[in-house]
S.K.: 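What follows is a structure written as structure tokens; I'll ask about it next.
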2 protein chains.
Amino acid sequence: MKKTRKTIQKELIFETVRQMKNHPTAEQLCQEIQKRHPTISKATVYRNLRQLSKIGKIKHIEMPDSADRFDHFTDNHYHIKCNICERVFDVDMPYFDKIAEMIKDNKGFKIETHDLVFKGVCRDCKKDKK
Amino acid sequence: MKKTRKTIQKELIFETVRQMKNHPTAEQLCQEIQKRHPTISKATVYRNLRQLSKIGKIKHIEMPDSADRFDHFTDNHYHIKCNICERVFDVDMPYFDKIAEMIKDNKGFKIETHDLVFKGVCRDCKKDKK
DNA sequence: ATTTATGCAAATCATTTGCACATAG
DNA sequence: CTATGTGCAAATGATTTGCATAAAT
């Protein structure tokens with residue numbers, strides 16, 4: 001297994017994920033980082049996000065219908081996305097280990113992970129509608 | 001609201017979703033339909049799949065990391081995808097209405113839907129590994 | 001006759017990859 | 001020195017869209 005190196009880019013990407021607590025997309029992270037380090041490329045951002053989530057330093061949130069998000073908070077938890085403003089929020093639902101156990105019969109399937117994303121309308125957007 | 005028309009393409013697409021019970025992708029459906037109706041275009045398939053799922057005649061399964069799937073079975077249910085062979089199966093988990101209720105505090109969020117996809121290794125692929 | 005649908009190609013969006021060059025170990 | 005990382009642009013994969021034409025009501 002190849003070993004990973006410490007680079008300015010990687011440090012910056014990790015730090016930016018820690019600072020942006022709004023579940024940013026790769027694109028949003030890239031734009032934010034480019035304010036301080038204008039030459040960083042999208043490819044580098046994607047590559048490092050992948051690597052950082054593989055080693056568990058950040059969390060990769062796979063969104064079903066839009067760009068994936070990244071999270072500084074790496075404990076198991078779920079998310080809810082507002083269909084109007086597209087923002088993603090954490091959800092207080094401490095049943096991560098319970099969910100897979102709810103399956104009645106998994107036909108010999110070895111379950112490794114599960115992705116659960118809620119969707120709806122956030123409080124702010126409910127207000128705006130009126 | 002505009003009204004929808006009956007076309008040979010739409011009928012074929014709906015019928016093919018009913019017949020292919022393996023949660024096909026739009027691409028797979030398109031290829032299958034082209035055996036009988038070679039001139040059908042991918043765009044027509046996508047457009048009709050969208051329309052048919054909007055009116056509830058088929059189910060659109062949004063996959064987090066790969067092409068979406070389509071399902072003839074429209075009742076609320078969940079899916080599990082094998083990371084090896086990429087096949088998608090139904091999961092016996094009759095708690096659809098329970099899941100959203102498990103959220104402790106949704107901060108004024110109006111939950112409309114939720115997507116839950118399990119991932120792992122299916123029985124066949126477990127066997128093949130040995 | 002009017003409006004929705006089709007087929008094609010081009011566009012879009014998110015992400016990945018090839019490659020030459022740079023740099024960390 | 002050598003393997004990993006970077007930046008760029010091009011490639012990929014899934015899906016959508018513009019447009020002229022066709023078909024349904």
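Remember, predicted model here, so these are calculated numbers, not experimental data. So you know, we letter chains A, B, ... as the sequences are listed, proteins then strands, and number each from 1.
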S.K.: Counting side-chain heavy atoms from CB outward, which of D:dT6, D:dT17, D:dA14 is closest to B:A43?
M.R.: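 That would be D:dT17.
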S.K.: Between D:dT6 and A:T7, is there an OP1 or OP2 to side-chain N/O distance shorter than 4.0 Å?
M.R.: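 Indeed, a polar side-chain atom of A:T7 lies that close.
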S.K.: For C:dA14, does OP1 or OP2 lie under 4.0 Å from any side-chain N or O of A:S66?
M.R.: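 No.
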S.K.: Could you check whether the side chain of B:R47 and the base of D:dT16 have a donor-acceptor pair of N or O atoms closer than 3.5 Å, going by distance alone?
M.R.: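 By the distance-only test, no, there is no pair.
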S.K.: What contact category does B:T39 fall into here, base, sugar-phosphate, or nothing, at under 4.0 angstrom with non-hydrogen atoms?
M.R.: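 Answer is sugar-phosphate: B:T39 comes under 4.0 Å of backbone atoms only.
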S.K.: Please state how far atom CD1 in A:I55 lies from atom C1' in D:dT4, giving the value in whole angstrom units.
M.R.: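 Rounded to the whole Å, the gap is 14 Å.
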S.K.: Report yes or no: is the cationic atom of B:K57 (NZ for Lys, CZ for Arg) closer than 6.0 Å to the six-membered ring centre of B:F14, at no more than 45° off its axis?
M.R.: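 Judged by the rule (NZ or CZ under 6.0 Å from the ring centre, within 45° of its axis), B:K57 counts as positioned above B:F14.
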S.K.: For the ring pair (Phe, Tyr, Trp, His ring centres under 6.0 Å) test, which of A:Y95, A:F73, A:F96, A:F89 pairs with A:Y78?
M.R.: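 Testing A:Y78 for a ring pair (Phe, Tyr, Trp, His ring centres under 6.0 Å) against A:Y95, A:F73, A:F96, A:F89 leaves exactly one candidate, A:F96.
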S.K.: Over the length of the helix from C:dA1-D:dT25 to C:dG25-D:dC1, how much do the five-pair end axes diverge, rounded to 10 degrees?
M.R.: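 Roughly 30°, once rounded to the nearest ten degrees.
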S.K.: I want to check one thing: is the phosphate of C:dT15, taken as OP1 and OP2, less than 4.0 Å away from some side-chain N or O of A:Y46?
M.R.: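 For A:Y46, the contact criterion (side-chain N or O under 4.0 Å from OP1 or OP2 of C:dT15) is met.
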S.K.: Return the value, rounded to whole Å, for the distance between atom CG of A:D65 and atom C1' of C:dC13.
M.R.: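 So the two atoms are 13 Å apart, to the nearest Å.
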S.K.: So do B:I99 and A:L116 actually touch side chain to side chain, heavy atoms under 4.5 Å?
M.R.: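 They are in side-chain contact.
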S.K.: Want to settle it: does B:I8 or A:Q9 sit nearer the 5' end of DNA chain D, counting the closest nucleotide to each?
M.R.: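 Counting from the 5' end, the first nearest nucleotide belongs to A:Q9.
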S.K.: Could you tell me if the side chain of A:T25 sits less than 4.5 Å from the side chain of A:D68, heavy atoms only?
M.R.: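 In short, these two side chains do not touch, never coming nearer than 4.5 Å.
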S.K.: Between P on D:dT6 and CD on A:E11, what's the gap in Å once rounded to a whole number?
M.R.: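 Spelled out: CD on A:E11 to P on D:dT6 is 11 Å.
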S.K.: Take atom CD of A:E62 and atom P of C:dA14, then tell me their distance rounded to the nearest Å.
M.R.: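 Taking CD of A:E62 and P of C:dA14, I get 15 Å after rounding.
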S.K.: Start at the 5' end of DNA chain D and walk down; is the nucleotide closest to A:P38 or to A:Q51 reached first?
M.R.: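 Whichever sits nearer the 5' end wins; that is A:Q51.
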S.K.: Compare the minimum distances between each of C:dG7, C:dT2, D:dG7 and the side chain of A:T44, then state the nucleotide with the smallest one.
M.R.: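 Comparing C:dG7, C:dT2, D:dG7 against the side chain of A:T44, the answer is D:dG7.
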S.K.: Do A:K59 and A:F70 form a cation-pi contact, if we require the NZ or CZ to be under 6.0 Å from the six-membered ring centre and within 45 degrees of the ring's axis?
M.R.: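 Ring-cation test returns no.
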S.K.: Could you state the NZ-C1' distance from A:K42 to C:dA14, rounded to the nearest angstrom?
M.R.: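 About 9 Å, once rounded to whole Å.
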S.K.: Measure from CG on A:L29 to P on C:dT15 and round the result to the nearest Å.
M.R.: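 Atom-to-atom, A:L29 to C:dT15, this comes out as 11 Å.
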S.K.: Is the closest basic N to carboxylate O distance between B:D71 and B:K21 below 4.0 Å?
M.R.: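 Not counted as a salt bridge, because no side-chain N and carboxylate O are separated by less than 4.0 Å.
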S.K.: Please report the distance, rounded to the nearest Å, between CZ in A:R50 and P in D:dT4.
M.R.: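 For the pair A:R50 CZ and D:dT4 P, the rounded distance is 15 Å.
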S.K.: Would you kindly compare A:K6 and A:E27 by the position of their nearest DNA chain C nucleotide and give the one closer to the 5′ end?
M.R.: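 Here A:E27 is the residue nearer the 5' end.
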S.K.: Side chain of B:H37, heavy atoms from C-beta onward: which of C:dA5, D:dG7, C:dG7 has the nearest atom to it?
M.R.: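 For B:H37, the side-chain atoms sit closest to C:dG7.
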S.K.: Side-chain contact test, heavy atoms from C-beta onward, threshold under 4.5 Å: evaluate it for A:H79 versus A:R69 and give yes or no.
M.R.: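 No. Closest side-chain heavy atoms not under 4.5 Å.
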S.K.: Starting from C1' on D:dA24, measure out to CG on B:N48 and report it in whole angstrom.
M.R.: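 About 14 Å, once rounded to whole Å.
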S.K.: Considering just the side-chain nitrogens and oxygens of A:T4, establish if one lies under 4.0 Å of OP1 or OP2 belonging to D:dG5.
M.R.: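 Checking A:T4 against D:dG5: at least one side-chain N or O falls below 4.0 Å of OP1 or OP2.
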S.K.: Taking 4.0 Å as the cut-off, does a side-chain nitrogen or oxygen of B:K10 come that near to OP1 or OP2 on C:dA5?
M.R.: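 Checking B:K10 against C:dA5: at least one side-chain N or O falls below 4.0 Å of OP1 or OP2.
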S.K.: Looking at B:I55, I want to see if its CD1 is surrounded by more than 12 non-hydrogen atoms of other residues, nucleotides or ligands under 6.0 Å.
M.R.: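 Counting other residues, nucleotides and ligands, CD1 of B:I55 exceeds 12 neighbours.
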